[in-house]
Amino acid sequence: MTDFTLLLQPDKGQHARTIYVLEKGGFEAWLAAQPMKSRALVAANRFSGKSGEMIILPGEAPEDWTITVSAAEQPSIWDLASVAAKLPEGTYRLAQGAPGAAALGWLLVHDRFERYLPKSEPMPQRILLTSDPASIPETLRLAQATALVRALVNTPAADMGPSELQTAVEALGKAHDAKVSITKGQELESGYPLIFAVGKAAEKEHAPRLIELEWGNPANPHIAIIGKGISFDTGGLNLKPGSAMRLMKKDMGGAAHALALVKLVMEARLPVRLHLLVAAAENAVSGSAFRPGDILTARNGMTVEIDNTDAEGRLVLADALTR
């Protein structure tokens with residue numbers, strides 16, 4: 001994953017380019033205060049102060065230039081992201097105030113998923129300085145957690161099945177001294193029959209499983225985080241159309257977000273008793289896949305009928321049967 005640690009640093013007065021954020025409604029006053037050559041550049045670039053626009057203006061010396069960006073209509077973490085994506089490598093600071101939440105967007109611009117790409121030129125390192133150094137550790141943790149979600153979801157299903165999700169949870173558990181337990185095979189079939197039913201048609205290397213992680217003092221409030229880990233959902237014998245199938249590798253996105261959230265909780269050492277549960281399976285096509293109309297018995301004894309897929313190709317359960 002991307003190393004964000006050097007991209008957000010405390011402002012100690014070191015040399016840096018200045019970024020001016022032009023507030024809404026302030027364009028005319030700002031333009032009037034600019035020297036003639038800057039006003040000419042503004043006109044040539046058709047910079048009008050609309051939300052998200054950016055312009056680079058020269059200073060007195062050839063290497064002396066600054067950036068002006070128009071503030072977004074609604075503040076968000078992405079306020080500086082488009083700016084960072086366009087700037088050359090270097091060090092930058094805001095003219096006024098700390099970047100706040102926008103520092104996260106700045107970092108995430110530098111995140112690239114390169115696992116399947118040939119070696120390419122490294123991403124330009126654009127360093128952002130902040131006058132609020134106390135916020136740096138949390139911002140870095142959020143960037144790393146977001147990058148984890150992206151990497152897990154972007155990995156194709158052939159390389160991100162139930163076993164790979166298990167490996168990701170085990171790595172997280174090892175890093176934070178958490179207990180990880182796995183239920184699969186006969187124990188899964190008898191204890192968690194619906195998870196088993198969804199994944200029983202998959203090849204052995206993608207066998208379904210329930211992945212659990214427990215962390216924290218048992219005396220603390222108990223919090224459960226549950227993530228859907230369907231690594232690929234074909235619809236089984238009720239196949240999805242091609243348009244719906246293309247993005248089914250992302251059906252484990254719930255598990256990816258759950259892992260990232262658990263990571264944040266443990267890194268922050270929150271006073272909780274944490275319990276992560278990931279139902280991991282591949283809903284594949286084979287003679288053992290469940291069929292529309294099949295009746296399954298859940299862990300709590302309730303019987304449910306498998307219904308047809310909905311308009312978007314997702315498998316849905318019919319109402320519980322009357323006993």
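Computed from heavy atoms alone, side chains included, the values below leave out hydrogens, waters and symmetry copies.
- Atoms NZ and CD, from K179 and E214 in turn, are 5.5 Å apart once rounded to the nearest 0.5 Å.
- For the atom pair OG of S48 and CD of E28, the computed distance is 10.0 Å after rounding to the nearest 0.5 Å.
- D3 CG to D111 CG: the interatomic distance, rounded to the nearest 0.5 Å, is 11.5 Å.
- Taking each heavy atom of T297 and L194 in turn, the nearest pair found is O-CD2, 4.2 Å.
- In terms of heavy atoms, I230 sits closest to N283 at CG2-N, 4.3 Å.
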**From CA spacing to verdict: side-chain hydrogen bond (donor to acceptor under 3.5 Å, both in side chains), H110, Q125** = CA-CA 8 Å; H110 295 80; Q125 301 294 286; 5.5 Å; no

**Request:** Determine, step by step, whether W106 and D79 satisfy the side-chain contact (heavy atoms from CB on, under 4.5 Å) criterion, reporting the C-alpha distance in whole Å, the side-chain angles of both residues, the deciding distance to 0.1 Å, and the verdict.
**Result:** CA-CA 8 Å; W106 181 285; D79 288 351; over 6 Å; no

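- The closest side-chain heavy-atom distance from I195 to L188 is below 4.5 Å.
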**Message:** Is there a side-chain contact (heavy atoms from CB on, under 4.5 Å) between R17 and T91? Walk through the geometry before answering.
**Reply:** CA-CA 6 Å; R17 304 284 183 189; T91 303; over 6 Å; no

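- Between L107 and L8 there is a side-chain heavy-atom pair separated by less than 4.5 Å.
- Other residues, nucleotides and ligands place more than 12 heavy atoms under 6.0 Å from the CZ atom of R115.
- L296 places none of its side-chain heavy atoms less than 4.5 Å from the side chain of P193.
- Looking at K249 and E282, no side-chain N of the basic residue comes within less than 4.0 Å of a carboxylate O on the acidic one, giving no salt bridge.
- K263 has a carboxylate O that lies under 4.0 Å from a charged side-chain N of E267, or vice versa, which qualifies the two as a salt bridge.
- Counting heavy atoms from C-beta on, the side chains of K174 and E170 never come closer than 4.5 Å.
- Few gaps surround CG on N217; more than 12 heavy atoms of other groups in view lie less than 6.0 Å from it.
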Which pairs would a plain distance check flag for residues 155-165, meaning a side-chain donor or acceptor within less than 3.5 Å of a matching protein atom at least two apart in sequence or in another chain?
unit_1	atom_1	unit_2	atom_2	d
T155	OG1	A151	O	2.7
D159	OD2	Y116	OH	2.6
E164	OE1	G161	N	2.7

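- Counting only distance, with no hydrogens or angles, the side chain of H257 and the backbone of G253 share a donor-acceptor pair below 3.5 Å.
- Here the straight-line distance linking atom CG of L277 with atom CD1 of I225 works out to 10.0 Å at 0.5 Å rounding.
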**Request:** Show your working on ring pair (Phe, Tyr, Trp, His ring centres under 6.0 Å) between W30 and F47 and close with a plain yes or no.
**Result:** CA-CA 12 Å; W30 169 83; F47 180 77; 5.8 Å; yes

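- Between L57 and L41 there is a side-chain heavy-atom pair separated by less than 4.5 Å.
- For E205, the CD atom counts as densely surrounded, since its 6.0 Å shell holds more than 12 non-hydrogen atoms of other residues, nucleotides or ligands.
- Listed for the S38 side chain is no donor-acceptor partner under 3.5 Å among the backbone atoms of Q34.
- For the pair R299 and Y192, the distance from NZ or CZ to the six-membered ring centre is under 6.0 Å and the angle to the ring normal is within 45 degrees.
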**CA sep, side-chain torsions, deciding dist, call: I67, Y92, side-chain contact (heavy atoms from CB on, under 4.5 Å)** = CA-CA 9 Å; I67 307 100; Y92 301 87; 3.8 Å; yes

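- Distance check, rounded to the nearest 0.5 Å: CD of E138 to CD1 of I136 gives 12.0 Å.
- Counting all heavy atoms, side chain and backbone alike, G199 lies closest to P208 at O-CD, 3.4 Å.
- Looking at every heavy atom in both residues, A134 comes nearest to P137 through O-CD, 3.5 Å.
- In this structure, the side chains of M245 and F232 come closer than 4.5 Å at one or more pairs of heavy atoms.
- Across every non-hydrogen atom of R269 and W215, the tightest pair is NH1-CZ2, 3.5 Å.
- With no hydrogens or angles considered, no side-chain donor-acceptor pair links T130 and D11 at under 3.5 Å.
- Counting only distance, with no hydrogens or angles, the side chain of R126 and the backbone of E89 share no donor-acceptor pair below 3.5 Å.
- Between L210 and K184, the closest side-chain pair of non-hydrogen atoms is not below 4.5 Å.
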**Asked** Under the side-chain contact (heavy atoms from CB on, under 4.5 Å) criterion, do R209 and V278 qualify, and how do the steps go?
**Response** CA-CA 8 Å; R209 65 204 68 193; V278 172; over 6 Å; no

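- Counting heavy atoms from C-beta on, the side chains of F27 and V42 come closer than 4.5 Å.
- For the atom pair CD1 of I77 and CG of L104, the computed distance is 4.5 Å after rounding to the nearest 0.5 Å.
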